[in-house]
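Residues: numbered from 1 along the sequence shown. The shown structure was predicted, so the numbers you read here are calculated from the model rather than taken from an experiment.
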Amino acid sequence: ATLEETVHADVILHVRDISAPYTDAERSDVLTTLERMELDKTTPVWEVWNKIDLLEGEQKETAIANAGKQTPLAIATSALTGEGMPELLQRIDALLADRDIVKILRLSTAEGEKLAWLYRHTQILDRKDQDSLITLTIQISPSKLGQFNHSFGTKAA
């Protein structure tokens, strides 16, 4: 994501190459940049310690153990082997499920662009079509709701 999009995020994943020699310095640079941005202070920032497959033996075991103790949350992963990815996805799903809200929206049948956006970016729980009106019950994150409102100049409260 671009830095501008970060302000709308439900969670920020800072992916680090944990095998790189300057990984701690890179972490510091990213945290400094994030502090300068006007982010919602409740938005969690999680570290994804990628490339643990490049670590060996005790170094790998230590990285995995330290990730579990890290604050903010860190998860050791390998995009190459898939190690740690199920845990990362499970934590993201749990966070987003807790934050999603249910909304009822009424659209005219002429609002195809809005309808298509909602199908791409939300979970449609129910749909009722009546004459020229579509009533949708959706599950949506607050940030996606903000994007919807911004994109279509609406206020879907």
Handout entry: Set of side chain to side chain donor-acceptor pair (under 3.5 Å) partners for Thr81, sequence neighbours left out
Key =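 Only Ser78 meet the side chain to side chain donor-acceptor pair (under 3.5 Å) criterion with Thr81.
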
By salt bridge (Lys or Arg N to Asp or Glu O under 4.0 Å), which residues pair with [X], not counting sequence neighbours?
X      : answer
Lys114 : Glu111
Arg106 : none
Asp129 : Arg127

Exercise for the section: To the nearest 0.5 angstrom, please state how far the CG atom of Leu145 sits from the NZ atom of Lys103. Expected result: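 One gets 6.0 Å once the value is rounded to the nearest 0.5 Å.
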
Practice task
Measure the spacing between OG1 of Thr43 and CE of Met37 and express it to the nearest 0.5 Å.
Solution key: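 So the gap between those two atoms works out to 10.5 Å.
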
I want to check something: taking the side chain as every heavy atom from C-beta on, are [X] and [Y] in contact at a cut-off of under 4.5 Å?
X     : Y     : result
Ile92 : Trp46 : yes
Pro44 : Leu73 : no
Ile52 : Thr77 : no
Leu34 : Val30 : yes

Exercise for the section: Locate the shortest heavy-atom distance separating Thr109 from Asp131; write the atom from each residue and the value. Expected result: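 Heavy atoms only, the tightest pair is CG2-O, 4.0 Å.
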
Handout entry: Listed once per pair and sorted, the salt bridge (charged side-chain N to carboxylate O under 4.0 Å, His left out) pairs that draw on residues 55-68, sequence neighbours left out
Key =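 Found Lys60-Glu83.
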
Handout entry: Pair listing, salt bridge (charged side-chain N to carboxylate O under 4.0 Å, His left out) test, anchored in residues 46-55, at least two apart
Key =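 Residue pairs passing salt bridge (charged side-chain N to carboxylate O under 4.0 Å, His left out), neighbours aside: Arg16-Glu47, Asp17-Lys51, Arg27-Glu47.
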
Problem - Parallel, tilted or perpendicular: ring planes of Phe148 versus Trp117, cut at 30 and 60 degrees - result: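 Because their plane-to-plane angle lies in the 30° to 60° range, the rings of Phe148 and Trp117 count as tilted.
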
Handout entry: Enclosure of Arg36 CZ (heavy-atom neighbours >12, cutoff 6.0 Å)
Key =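 Open: at most 12 neighbouring heavy atoms sit under 6.0 Å from CZ of Arg36.
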
